[in-house]
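So the structure is just underneath, and the comments pick up after that.
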Number of protein chains: 2
Amino acid sequence: MSISRTLPDGRRQIFGFLLAGDFAGLEAGAVYGFDAEALTDVRACRFERPAFEAFIRDNVDVALRLVHVASNERSQAARHEMLLGRKTALERIATFLADLRERSGERHLRTHPLSLPMTRAEIADYTGLTIETVSRVFGRLRDDKVVEMVGTGAVRILDPALLAVFAESST
Amino acid sequence: MSISRTLPDGRRQIFGFLLAGDFAGLEAGAVYGFDAEALTDVRACRFERPAFEAFIRDNVDVALRLVHVASNERSQAARHEMLLGRKTALERIATFLADLRERSGERHLRTHPLSLPMTRAEIADYTGLTIETVSRVFGRLRDDKVVEMVGTGAVRILDPALLAVFAESST
DNA sequence: CGATGCGTTGATCGGTATCAAGGGGGGTGG
DNA sequence: CCACCCCCCTTGATACCGATCAACGCATCG
């Protein structure tokens, strides 16, 4: 699933991609809503707001856990803001791949090859680039033997250490 | 106060500016920390974590309130991600000014003129631009009679409607 | 087999960064 | 009280990264 918002003129920003087990919708109580779109077949578990709130009321631990989840989300958002505001195209794609690999690993999903269920357009809207630039950067990472493309829907990360270097300070 | 992080090579991203009454530090429980810097004289109220957590445990309403605060923060962060990922320099500055004006109004702070306690460098690091570009965009807004500079530390917003238009779709 | 959607690659453009010079205000020391 | 300095800001000239425009390949599907 991707979480996004779109400006009236069509410019879209994707805030993140959810993996299996992720929680979404905390923010739905706020003034502004988000769009969520499935990238793959999805099984979702929905909680009714009033019932959910009542449940929280009776289970303080859950409330604390929610605060903790929200904390992590804010920290994750900050990493994304750093990516969007201060990183080069190469660093953005490298960060995107490194993060996705790490998160997939935590969830015990396959990371070799690493599946990319999103399109180039979605990667572009997540990284604040265009599809052409995304494609060119993938090409460069391929030429540099950092990754190996497996079709367009997956990559084999050949040099995770170099990828991590690219993610924070490119040449 | 500004909330920020800096990359090893010195690139800085500011995530937001706190106004009087704002709450900070929820995110401090996460893996990554943030830097906070005072822009003006500040009076702060500090809560010890364990005591604060115990207090929350005994006051479920506070916990729910915290979840709500976290929600709003996420939504605010999303607006900022949209700004950084998809907006032009003019839109970024216009959005920055419009948002600051709105938030200042909510807190019953003076908005005419609107005080800008942060330096150009801090505005640049918030908007993902350089100080030169920030300065040029202010110049353009001034020439277009959208704002009137009051020294470098304040602006009079002459045309809020036009500013709002610039904030979401510039020419 | 043509149409359609997605991805890649090439050529060129343009917005913002970078490099450079100078102005102004406020604090400090003579 | 004044001269100097330092910091912040502005403005101009130029460079460059990523956007835009364009063409094409390839797979999928009707």
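In what follows, every heavy atom counts, from backbone to side chain, and hydrogens, waters and symmetry copies are set aside. In what follows, chains are A, B, ... by sequence order, proteins preceding strands, each numbered from 1. Quick caveat: nothing in here was measured; it's all calculated off a predicted structure.
- Within the 4.5 Å cutoff, side-chain heavy atoms of B:P160 are placed close to those of B:R101.
- Side chain to side chain, A:R92 and A:T133 fail the donor-acceptor criterion of an N or O pair below 3.5 Å.
- In the set C:dT9, C:dT18, D:dT10, the nucleotide with an atom closest to the side chain of B:T130 is C:dT18.
- Rounded to whole angstrom, the span from the CZ atom of A:R86 across to the C1' atom of D:dC17 amounts to 15 Å.
- With distances taken from any side-chain atom of A:T119 to the nucleotides D:dG18, C:dG7, C:dT9, the minimum falls on C:dG7.
- B:L39 is not listed as a side-chain neighbour of B:L18, based on a closest heavy-atom distance of 4.5 Å or more.
- Between the CG atom of B:L129 and the P atom of C:dT18 there is a distance of 11 Å, given to the nearest Å.
- Counting to the nearest Å, the P atom of D:dG18 and the CG atom of A:L84 are 13 Å from each other.
- A:M149 has its CE atom 16 Å from the P atom of C:dC6, to the nearest Å.
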Give every donor-acceptor pair under 3.5 Å between a side-chain atom in residues 54-65 of chain B and any protein atom, sequence neighbours left out.
from: B:R57; atom 1: NH1; to: A:D61; atom 2: OD1; distance (Å): 2.8
from: B:R57; atom 1: NH2; to: A:D61; atom 2: OD1; distance (Å): 3.4
from: B:N59; atom 1: ND2; to: B:F55; atom 2: O; distance (Å): 2.7
from: B:D61; atom 1: OD1; to: A:R57; atom 2: NH1; distance (Å): 2.7
from: B:D61; atom 1: OD1; to: A:R57; atom 2: NH2; distance (Å): 3.4
from: B:R65; atom 1: NH1; to: B:H68; atom 2: ND1; distance (Å): 3.2

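- Neither OP1 nor OP2 of D:dC9 sits under 4.0 Å from any side-chain N or O of B:R142.
- Whole-Å rounding puts the B:I123 CD1 to D:dC9 P distance at 8 Å.
- Rounded to a whole Å, the CD atom of A:E132 is 16 Å from the P atom of D:dC24.
- Each end of the helix from C:dC1-D:dG30 to C:dG30-D:dC1 gets its own axis, taken as the rotation carrying the C1' atoms of four end pairs onto the next four within a five-pair window, and the two axes meet at 30° to the nearest 10 degrees.
- Among the heavy atoms of the strands lying under 4.0 Å from A:G128 are primed sugar atoms or P, OP1, OP2 only; no base atom is included.
- For the OP1/OP2 pair of D:dC9 and a distance below 4.0 Å, the side-chain nitrogens and oxygens of B:S135 include no atom meeting the criterion.
- Between the P atom of D:dA19 and the CZ atom of A:R136 lies a distance of 9 Å, rounded to the nearest Å.
- With rounding to whole Å, A:E91 atom CD is found 12 Å from D:dC17 atom P.
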Q. Between B:K145 and B:D159, does a side-chain contact (heavy atoms from CB on, under 4.5 Å) hold up when you go through it step by step?
A. CA-CA 8 Å; B:K145 305 264 187 278; B:D159 194 337; over 6 Å; no
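- A side-chain donor from one of A:T88 and A:E91 sits under 3.5 Å from a side-chain acceptor of the other.
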